[in-house]
Amino acid sequence: MKTGITFGTFDVFHFGHLRILERSRELCDRLVVGVSSDEFYLSKHKSHGLVYPWEHRARIVGALRCVDEVFKEECEEKKADYILEHHADLFIIGDDYVGRFDWIRDRLGVEVAYLPRTPDVSTTELIGKIRV
Ligand code: C2G
């Protein structure tokens, strides 16, 4: 039984989000997803605020067939604890983060996979299109 873990905001859920979750699930038997809390996201000073609150983002992600469990990610410092608490064997994230999470492999001995981002779709771009 291989457990995979991934993290993200998943605001204005789109095709790129679906694809990374589906591809992550193909690499394991059980997929756990840490969805960033509103406070955590806003503390990262992104270019725009959130559209959906955590409850909505978490419910959408949790309703997917490829997702087995969802929890709230409250801060970056707890990442190692979340990975250990969920007994993850594999950490998955998009390749926009390539290299950033190598410490998970080095320090925790957990496999790390950077999956290619789906091109031409992002929450920021969607918000821009809707505004026009
Ligand atoms: N993603 C993707 N293709 C896109 C857009 C996003 O594969 N076109 C992936 C990202 O690489 C990430 C996941 O979808 O793995 C979630 O993306 P975001 O909601 O933008 O998450 P982010 O705010 O980057 O948070 O510690 C890592 C962070 O928690 C990730």
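Both counts, for ligands and for their atoms, begin at 1 and track the order of listing.
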If Ile, Leu, Val, Met, Phe, Trp and Tyr residues are connected whenever their side-chain heavy atoms lie under 4.5 Å apart, and connections chain through other members, are Val67 and Ile20 in the same group? yes
When you check the gap from the basic side-chain N to the acidic O, do Arg59 and Glu55 get nearer than 4.0 Å? no
Hey, can you tell me if Tyr52 and His56 have their rings parallel, tilted or perpendicular (30° and 60° cut-offs)? tilted
Ligand 1 contact on Asp96 by region, counting heavy-atom pairs under 4.0 Å: side chain
Are Glu22 and Arg65 within salt-bridge range, i.e. N to O under 4.0 Å? no
Could you say whether the N/O atoms of His14 and ligand 1 ever approach to under 3.5 Å? no
Counting from 1 in the order shown, the ligand 1 atoms closer than 4.0 Å to a non-hydrogen atom of Tyr97 are 22 (P), 24 (O), 25 (O), 28 (C), 30 (C)
Tell me whether Phe40 has any N or O atom under 3.5 angstrom from an N or O of ligand 1. no
Distance flag, aromatic centroids of Tyr97 and Tyr114, threshold under 6.0 Å: no
Need the ligand 1 atom indices (1-based, order shown) with element for anything under 4.0 Å from a heavy-atom of Lys79. 26 (O), 27 (C)
Within a distance under 4.0 Å of any heavy atom of Phe7, pick out the atoms of ligand 1 and give their elements. 29 (O), 30 (C)
How does Tyr41 reach ligand 1, by side chain, by backbone, by both or by neither, if only non-hydrogen atoms under 4.0 Å count? neither
So, regarding Thr118 and ligand 1 (criterion: nitrogen or oxygen to nitrogen or oxygen, under 3.5 Å), is there a contact or not? yes
Provide the number and element of each atom of ligand 1 under 4.0 Å from a heavy atom of Glu73. 29 (O)
If you measure every N or O of Gly94 against every N or O of ligand 1, does any of those distances drop under 3.5 Å? yes
Charged N-O contact under 4.0 Å between Arg30 and Glu69: yes
Side chain to side chain contact (heavy atoms under 4.5 Å, CB included) partner of Phe10, chosen from Val33, Leu18, Thr123, Ile60: Val33
Hey, does Asp95 come in under 3.5 Å of ligand 1, counting only N/O atoms on both sides? no
Nearest 0.5 Å, please: how far is OG1 in Thr6 from CG in Leu21? 6.5 Å
I need the contact type for Ile20 against ligand 1. Using non-hydrogen atoms and a strict under-4.0 Å cut-off, is it side chain, backbone, both or neither? side chain
